[in-house]
Amino acid sequence: DTGVSQDPRHKITKRGQNVTFRCDPISEHNRLYWYRQTLGQGPEFLTYFQNEAQLEKSRLLSDRFSAERPKGSFSTLEIQRTEQGDSAMYLCASSLQGAWTEAFFGQGTRLTVV
Amino acid sequence: GESVGLHLPTLSVQEGDNSIINCAYSNSASDYFIWYKQESGKGPQFIIDIRSNMDKRQGQRVTVLLNKTVKHLSLQIAATQPGDSAVYFCAENGDTGNQFYFGTGTSLTVIP
């Protein structure tokens, strides 16, 4: 499969625990995006990378959230001290810089904080 | 954040009919607009985009119309098929240009 891959697909965690999600973009794509989607809503932008550089972060991304893309390939999104309000689908997308409007999304990681 | 909204949350059409999904946007600085399709349990899938210097763009069975005067975007799907049943989102890139603001979505149901 050459699409965007996210792991895990589902995560249930207790409030206060830390979680980490992984995204493997399409191999030649240099842009990588993280979005959050709650039920019935459109995706909300969190952050994006161009290669290994994190170029933009949303105001939604509190200090408890951190994202990395150390080698410009896969990316991780960590949420510390999870809260119930963090329950959502976390989507990763990738694109080529020259075709950045055509982003390819993964199937997402569904986080449930109990 | 930006305000991207859809006029109708749900739309039902007969198979074979044409579908029109509408979207209003608020930021006149946006220069890219995109339509995405999201099927249940999957991530959004790119359908078509349009730049602000265009008012119409056609793809395979889809046409996007942009009216900058009234900040309105529409997606037309010709000869709608059961496989078109999904939630459709419009998105705009806003001031920063490198991210997209998505609307709430319209759920399209195709009746066989």
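Here the structure is a predicted model, which means the values were calculated and not measured. Here is the naming used below: chain letters follow the sequence lines, and residue numbers restart at 1 for every chain.
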Part of [X] within contact of chain B (heavy atom distance under 4.5 Å):
X: A:Arg9; answer: side chain
X: A:Phe104; answer: neither
X: A:Gln50; answer: neither
X: A:Gln41; answer: both

Interface moiety of B:Phe33 toward chain A, non-hydrogen atoms closer than 4.5 Å: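 Contact with chain A: none, neither part.
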
Determine, using ring centers only, whether A:Trp100 and B:Tyr32 are less than 6.0 Å apart.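 Ring centroids of B:Tyr32 and A:Trp100 are less than 6.0 Å from each other.
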
Under 6.0 Å between the ring centres of B:Phe100 and B:Tyr36?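 Here the rings of B:Tyr36 and B:Phe100 have centres that are no less than 6.0 Å from each other.
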
Residue among A:Ala103, A:Gly106, A:Pro43 with most heavy-atom pairs under 4.5 Å to chain B: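 Ranked by contacts with chain B, first place is A:Pro43.
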
Can you confirm whether B:Thr63 sits close enough to B:Lys56 that some side-chain heavy atom of one is under 4.5 Å from a side-chain heavy atom of the other?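 A side-chain contact exists here, since the closest heavy-atom pair is under 4.5 Å.
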
Beyond-backbone contact of B:Glu39 with B:Gln45, side-chain heavy atoms, under 4.5 angstrom: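 They are in side-chain contact.
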
Polar side-chain atom of B:Thr80 near backbone of B:Asp17 as donor-acceptor pair, under 3.5 Å: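 Yes; judged by distance alone, with no hydrogens or angles, the pair exists.
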
